[in-house]
2 protein chains.
Amino acid sequence: MLDLAILGLLMDRDHHGYEIRTQVRDRLGVTSNLSFGSIYPALARLERQGLVEAVSVTDAAPMMISTGSLSGERASLRALRATQVLGRRGRKVYRISDEGRRVFVELLADPATVDDSRNFSLRVALAKYLTPTLRVTLLERRRTDLVERLAELLAGARNEQLDTYARSVMTHAAKGVELDIEWIDTLLTTERNNQQTFTEQVKTGKE
Amino acid sequence: MLDLAILGLLMDRDHHGYEIRTQVRDRLGVTSNLSFGSIYPALARLERQGLVEAVSVTDAAPMMISTGSLSGERASLRALRATQVLGRRGRKVYRISDEGRRVFVELLADPATVDDSRNFSLRVALAKYLTPTLRVTLLERRRTDLVERLAELLAGARNEQLDTYARSVMTHAAKGVELDIEWIDTLLTTERNNQQTFTEQVKTGKE
DNA sequence: GTCATCATGTAAGCCGTTACATGATTGC
DNA sequence: GCAATCATGTAACGGCTTACATGATGAC
């Protein structure tokens, strides 16, 4: 989960560890702030595996931005500026490698661990990196699980041996799952419309 | 979490370990089946702590081995009978102790770990063991957290830098939280009505 | 000059899982 | 008799958290 989230964020742009925490919450919709005690070791591990690389320790490396068109003076100025604006020294900025991109997409499409709601949401949040086909597969797989789960919950809610509180939990959980299924259905509809639009465009020769 | 669920189930009646798994799902609304690899060690630990006690290992099985009072024939018959009615041999049935009941209520009311949705749902499912006051406290505490979370999600959904998938995740998560808040509000209303009814009854001298 | 925030990292521990090992009972 | 289910337990490992340790920078 953490690996997928980190790689997913790095697909978009470079990040340093401290930043990843807030980004996971704000861009990937993961509720609880994950701890640095898990983020830093994860980054170190991903680096060892060659999936990411440290692009700059400290901000002395605006070289990465440098187009060469700027004079040394202006580059220094810009470095200073970057430090002032963007923050402090000692930051270790990571960039995803080609191998990292490959593994990321593989991981994102991997059917293995889509079981829980958290993993699924994360995958949808990163779904722009999936092919339309794989997106549909992901959504349909999850939908099947939810339909099954819904049936269990509705059965549970009908259980007369339960007290009002326990039954209320069942009923509410069922509503939540229904909401999830509706959401998936709207996403699936969108996917199919896009697919169709694309197909039509090909057929009619439009761009 | 596991301890709370196990003790909660044992508040109602005795259970053996194997049975606890299904009961946690069917009566407490916990989605994923927890594994025996966590249930059995948990029961052993609770027993060591004196919160539960093993009430019977098998039904009548020890008789077959030790007792000389019954003839071998009758002992076999009895064993057979017990097996037919109660099920299989080798079951270790647990009962909650007085100390266990005390600790359970303490645990259930403990504000420490109500953070996530799973813990909260579990507590609501067991809410009949809480006093009306503690129930309201639990609900209100959770409500405050959710309102805060909702604001964050709505802010996230407004973030225009997000692609449609990521934004969709935020919006959907927000809807889920809204549903949760509505649920809590209906529960709170019920609590207050019951409370008021009780107060009125006292005032007017009704039973 | 000191406090909050930014920034990185390590070590210990918690709470669960999967995989393994064993055996009884029921139904076909 | 054989497979499926019921039933208990152990061992290894996974993924995350908390607590600890360290230090720079910016704001007041």
Side-chain angles (χ1 to χ4, degrees), chain A residues 1-6 14-25 30-48 52 54 56-60 80-94 107 112-113 115-116 118-119 122, chain B residues 1-6 14-24 30-48 52 54-62 64-65 76 79-94 107 112-113 115-116 118-119 122:
Chain A
M1 206 241 93
L2 227 192
D3 289 9
L4 188 65
I6 290 175
D14 299 347
H15 290 278
H16 60 272
Y18 189 86
E19 195 182 22
I20 282 173
R21 181 153 84 150
T22 49
Q23 292 282 304
V24 166
R25 172 166 39 75
V30 174
T31 304
S32 60
N33 276 338
L34 356 93
S35 64
F36 294 120
S38 61
I39 291 172
Y40 290 118
L43 281 168
R45 183 169 25 80
L46 290 172
E47 193 178 15
R48 277 199 307 277
V52 307
S56 78
V57 183
T58 83
D59 241 353
L80 186 66
R81 180 133 228 173
T83 312
Q84 286 173 335
V85 173
L86 290 175
R88 303 115 201 304
R89 276 175 58 246
R91 284 153 51 156
K92 208 165 162 184
V93 176
Y94 289 95
L107 225 66
T113 48
D115 44 353
D116 64 289
R118 214 168 136 212
N119 270 312
L122 177 62
Chain B
M1 205 243 91
L2 227 192
D3 288 11
L4 188 65
I6 291 175
D14 299 347
H15 290 279
H16 60 272
Y18 189 86
E19 194 180 22
I20 282 173
R21 181 153 85 150
T22 49
Q23 292 281 302
V24 166
V30 175
T31 305
S32 59
N33 275 338
L34 1 90
S35 64
F36 295 122
S38 60
I39 292 172
Y40 291 118
L43 282 167
R45 182 169 25 81
L46 290 171
E47 192 177 17
R48 277 199 308 276
V52 306
V55 143
S56 75
V57 181
T58 83
D59 278 319
M64 304 199 314
I65 309 162
S76 312
L80 187 64
R81 179 127 228 177
T83 309
Q84 286 173 333
V85 175
L86 290 176
R88 300 124 199 301
R89 276 177 59 244
R91 281 155 50 155
K92 205 164 164 185
V93 176
Y94 290 95
L107 225 65
T113 48
D115 44 353
D116 64 290
R118 214 168 138 211
N119 270 312
L122 177 62

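All values derive from a computational prediction rather than experimental measurement. We name chains A, B, ... by the order of the sequence lines, and we start the count at 1 in each one.
Nearest nucleotide to the A:Pro41 side chain, out of C:dT10, D:dT10, D:dG9: C:dT10. Across C:dA7, D:dT8, D:dC16, the shortest atom-to-atom separation from the side chain of A:Leu2 is found for D:dC16. Checked against D:dG9, C:dG9, D:dA7, the side chain of B:Tyr94 finds its nearest nucleotide in D:dG9. Side chain of B:Ser35, nearest nucleotide from D:dC16, D:dT8, C:dT17: C:dT17.
Distance check, rounded to the nearest 0.5 Å: CG of A:Leu4 to CG of A:Asn119 gives 7.5 Å.
Residue A:Tyr40 contributes atom OH, which lies 16 Å from atom C1' of D:dT17 at whole-angstrom precision. Atom C1' of nucleotide D:dG9 and atom CZ of B:Arg48 are separated by 13 Å, given to the nearest angstrom. A straight line from CD of B:Glu19 to P of D:dG9 spans 15 Å, rounded to a whole angstrom. Between A:Arg21 atom CZ and C:dT5 atom P the separation is 12 Å, expressed in whole Å. Taking atom CD1 of residue A:Ile39 and atom C1' of nucleotide C:dA11, one finds them 18 Å apart after rounding to whole Å. Atoms CZ (B:Phe36) and P (D:dC6) sit 9 Å apart, rounded to a whole Å. One atom, CE of A:Met1, and another, C1' of D:dG15, lie 11 Å apart when rounded to the nearest Å. Between the CZ atom of B:Arg45 and the C1' atom of D:dG9 there is a distance of 15 Å, given to the nearest Å.
Considering only heavy atoms from C-beta on, A:Glu47 comes within 4.5 Å of A:Lys92 through its side chain.
Phosphate contact (OP1/OP2 of C:dT17, side-chain N/O of B:Ser38, threshold under 4.0 Å): present. At D:dT8, none of the side-chain N or O atoms of B:Tyr18 fall inside 4.0 Å of OP1 or OP2 (strictly under the cut-off).
Backbone-only engagement by A:Gly17 is indicated by non-hydrogen atom pairs under 4.0 Å involving sugar-phosphate atoms exclusively. Among the atoms of the strands shown, none is found under 4.0 Å from any heavy atom of A:Asp3.
The two atoms that bring B:Phe36 and B:Pro41 nearest to each other are O-CD, 3.7 Å, heavy atoms only.
Side-chain atoms of A:Asn33 and A:Arg25 form a donor-acceptor pair, as typed in the model, at a separation below 3.5 Å.
A cation-pi arrangement is absent between A:Arg91 and A:Tyr18 under the rule of less than 6.0 angstrom and at most 45 degrees off the ring axis.
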